[in-house]
**Q** 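A single structure is presented below for examination.
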Amino acid sequence: MIAVLKNGATDKQIEGIIEWIHTLGLEVHLSKGHYQTILGIIGDTQKVDEDLLSGLEIVESVKRISEPFKSANRKFHPDDSVIKVSGTEVGGDAFTFIAGPCSVESEEQIIGIAKEVKALGATMLRGGAFKPRTSPYDFQGLKAEGIELLLEAKKETGLPIVTEIMNANHLPMFEEVDVIQVGARNMQNFELLKELGRTRKPILLKRGLANTIKEWLMSAEYIMAGGNENIILCERGIRTFETYTRNTLDISAVSVLKELTHLPVIIDPSHATGAAKYVKPMALAAAAAGAAGLMIEVHNDPVHALCDGPQSLTPAQFGEVAEGVNKILTALKA
């Protein structure tokens with residue numbers, strides 16, 4: 001349920017309504033936008049006397065929300081959320097380039113790539129320390145050492161770092177990580193999501209391999225229900241019957257999500273296509289569709305990469321993608 005308040009409602013009046021709702025055992029999400037103030041009421045709203053609430057002097061209207069996701073719902077929060085990450089922003093007028101290797105392999109490798117992608121326009125550095133792999137015999141990442149190397153790259157370049165968490169028990173190792181990534185395989189790891197809800201770190205939540213948009217938003221809701229509203233959604237392709245690409249990139253998800261939620265959504269064309277040659281056209285399409293950013297795998301030597309080499313761009317190729325995307329963004333503003 002949401003209550004839209006009239007212009008001119010005082011802080012004291014708003015606090016009074018919130019206190020009354022709290023006495024009913026319900027939570028309230030307060031959203032003060034440019035044109036409206038909205039109270040999002042979360043819980044068993046059958047306890048609320050709708051006529052009484054709508055009859056209050058400062059209440060303009062009352063509406064019930066049918067969607068199961070509440071905190072992530074644009075009806076609760078009409079303005080776009082902007083997620084602040086160590087001096088940079090995701091969402092709003094900003095466009096974010098997150099670039100780096102699938103896996104951290106060595107100090108020389110990660111620092112070298114970090115310097116190159118920053119010079120070419122990257123605003124954040126990605127790199128896998130813990131790597132979920134389909135085969136137990138594939139490279140699983142450097143784990144804690146990988147995080148240390150990412151932090152070294154951050155010291156050298158100033159780029160905020162993004163890396164994936166596999167287990168809630170690993171959270172102490174992520175204290176200095178700027179953005180915690182939840183991978184596709186863990187999108188519905190609800191116990192992990194609950195733990196991340198207790199943190200206040202930005203969370204990059206990837207869509208599951210075969211999950212609907214509603215299921216994806218419900219996973220975001222798990223994190224937000226714990227009090228953490230710093231969520232970036234990442235579309236990385238879904239599994240279909242198509243075999244010419246690794247996954248099928250759902251570009252339409254950008255438009256759908258912009259309607260349903262206030263959370264920013266970015267695109268990962270690397271995992272979506274699985275082939276470096278398709279990354280640039282999909283990146284351009286993502287920018288044209290209105291995505292808030294891109295997450296792109298970049299490796300200094302893709303042929304010898306320990307993980308996902310075929311989908312990784314060289315730094316020079318990443319520079320070409322960034323240049324093309326910036327042209328699209330400029331055209332959209334014209």
Side-chain angles (χ1 to χ4, degrees), residues 85-88 96-166 170 173-185 204 206 234 236 246 266 268-280 283 293-323:
V85 181
S86 301
T88 188
T96 302
F97 287 101
I98 305 173
C102 174
S103 180
V104 179
E105 298 172 8
S106 68
E107 182 175 358
E108 180 182 7
Q109 173 238 23
I110 192 62
I111 292 177
I113 293 173
K115 288 179 177 179
E116 291 196 78
V117 296
K118 180 180 181 180
L120 294 166
T123 46
M124 281 192 256
L125 174 67
R126 63 145 293 148
F130 293 86
K131 293 303 303 176
R133 305 301 299 278
T134 301
S135 170
Y137 308 112
D138 288 338
F139 177 61
Q140 305 289 313
L142 298 179
K143 302 179 174 58
E145 181 187 353
I147 292 178
E148 291 300 320
L149 294 179
L150 282 167
L151 292 172
E152 285 299 317
K154 179 181 177 180
K155 290 178 184 177
E156 289 283 336
T157 63
L159 288 176
I161 57 174
V162 183
T163 194
E164 183 174 351
I165 192 168
M166 296 291 295
H170 297 159
M173 287 188 276
F174 284 71
E175 288 184 2
E176 296 183 72
V177 170
D178 299 285
V179 179
I180 299 176
Q181 175 183 314
V182 176
R185 293 171 177 83
L204 191 147
K206 285 197 164 187
C234 182
R236 45 81 68 210
R246 180 174 180 176
I266 68 172
D268 177 351
S270 302
H271 279 90
T273 64
K277 62 183 178 181
Y278 299 135
V279 169
K280 182 176 180 179
L294 291 163
M295 188 176 197
I296 296 177
E297 291 194 355
V298 181
H299 197 284
N300 58 318
D301 185 10
V303 174
H304 297 102
L306 296 181
C307 178
D308 286 346
Q311 68 193 35
S312 299
L313 302 185
T314 64
Q317 290 172 324
F318 170 70
E320 292 175 6
V321 171
E323 182 180 358

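Nothing here was measured: the structure is a model prediction, and the numbers come from that model.
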**Q** Residues in side chain to side chain contact (heavy atoms under 4.5 Å, CB included) with T273, at least two apart?
**A**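 Once residues adjacent in sequence are excluded, the partners of T273 under the side chain to side chain contact (heavy atoms under 4.5 Å, CB included) criterion are Y278, V279, M282.
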
**Q** Under 3.5 Å, which donor-acceptor pairs do the side chains of residues 144-156 form with other protein atoms, sequence neighbours left out?
**A**
from : atom 1 : to   : atom 2 : distance (Å)
K154 : NZ     : D178 : OD1    : 2.9
K154 : NZ     : D178 : OD2    : 3.0

**Q** Side chain to side chain contact (heavy atoms under 4.5 Å, CB included) with T88: which residues, sequence neighbours excluded?
**A**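 Counting only residues at least two positions away or on another chain, T88 forms a side chain to side chain contact (heavy atoms under 4.5 Å, CB included) with V85, T123, M124, P160.
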
**Q** Does the side-chain contact (heavy atoms from CB on, under 4.5 Å) test come out yes or no for V298 and I296, once each step is laid out?
**A** CA-CA 6 Å; V298 181; I296 296 177; 4.1 Å; yes

**Q** Who are the side chain to side chain contact (heavy atoms under 4.5 Å, CB included) partners of A305, not counting sequence neighbours?
**A**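 Listed in chain order: E105, H299.
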
**Q** By the salt bridge (Lys or Arg N to Asp or Glu O under 4.0 Å) test, which pairs, at least two apart or in different chains, include something from residues 295-305?
**A**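 Salt bridge (Lys or Arg N to Asp or Glu O under 4.0 Å) check on residues 295-305 returns R126-E297.
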
**Q** R246: what forms a salt bridge (Lys or Arg N to Asp or Glu O under 4.0 Å) with it, not counting sequence neighbours?
**A**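 Salt bridge (Lys or Arg N to Asp or Glu O under 4.0 Å) list for R246, sorted by chain: D308.
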
**Q** Holding to side-chain hydrogen bond (donor to acceptor under 3.5 Å, both in side chains), I want the full list of residues that pass it with Q181, two or more places apart in sequence or in another chain.
**A**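 Expected list: E164.
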
**Q** To check you understand the geometry: which heavy-atom pair defines the closest contact between A283 and V321, and what is its length?
**A**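 Of all heavy-atom pairs spanning A283 and V321, the closest is CB-CG1, 3.7 Å.
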
**Q** In Å and rounded to the nearest 0.5 Å, what is the OG to CE distance from S270 to M295?
**A**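 Answer for the OG-CE pair, S270 versus M295, is 9.0 Å.
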
**Q** Locate the shortest heavy-atom distance separating L294 from P269; write the atom from each residue and the value.
**A**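 Nearest pair, atom of L294 first, then P269: CD2-CD, 4.2 Å.
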
**Q** Restricting to ring-ring contact (aromatic ring centres under 6.0 Å, His included), what partner residues turn up for F97, sequence neighbours left out?
**A**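 Testing F97 for ring-ring contact (aromatic ring centres under 6.0 Å, His included), a comparison that skips the adjacent residues, returns F95.
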
**Q** Can you see which heavy atom on V179 is nearest to which on V177, and at what distance?
**A**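 Here V179 and V177 meet closest at O-CG1, 3.3 Å.
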
**Q** Kindly compute the distance separating OG (S86) from CG (L159), expressed to the nearest 0.5 Å.
**A**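 Rounded to the nearest 0.5 Å, the OG-CG separation comes out at 11.0 Å.
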
**Q** So does T157 get a backbone contact from the side chain of K118, meaning a donor-acceptor N/O pair under 3.5 Å?
**A**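 Yes; judged by distance alone, with no hydrogens or angles, the pair exists.
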
**Q** A184 and R236: which non-hydrogen atoms are nearest, and at how many Å?
**A**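 That closest heavy-atom pairing would be CB-NE, 3.6 Å.
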
**Q** So which heavy atom on G183 is nearest to which on K206, and how close?
**A**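 The pair with the smallest heavy-atom distance is C-CB, 4.1 Å.
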
**Q** Enter the distance from F318:CZ to L120:CG here, rounded to the nearest 0.5 Å.
**A**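 The CZ atom of F318 sits 6.5 Å away from the CG atom of L120.
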
**Q** With E176, which residues qualify under salt bridge (Lys or Arg N to Asp or Glu O under 4.0 Å), at least two apart?
**A**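 Counting only residues at least two positions away or on another chain, E176 forms no salt bridge (Lys or Arg N to Asp or Glu O under 4.0 Å).
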
**Q** Only counting residues at least two apart or in another chain, list the ones meeting side chain to side chain contact (heavy atoms under 4.5 Å, CB included) with T314.
**A**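 For T314 the side chain to side chain contact (heavy atoms under 4.5 Å, CB included) partners, ignoring immediate neighbours, are P302, A316, Q317.
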
**Q** Which pair of non-hydrogen atoms, one from V162 and one from L204, has the smallest distance, and what is that distance?
**A**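 Taking every non-hydrogen atom into account, CG1-CD1, 4.4 Å.
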
**Q** Given side chains that start at C-beta, do those of L125 and I98 come closer than 4.5 Å, heavy atoms only?
**A**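 Result no, sub-4.5 Å side-chain heavy-atom pair not found.
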
**Q** Nearest 0.5 angstrom please: N300 CG to S106 OG, how far?
**A**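 The OG atom of S106 is 7.5 Å from CG of N300, to the nearest 0.5 Å.
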
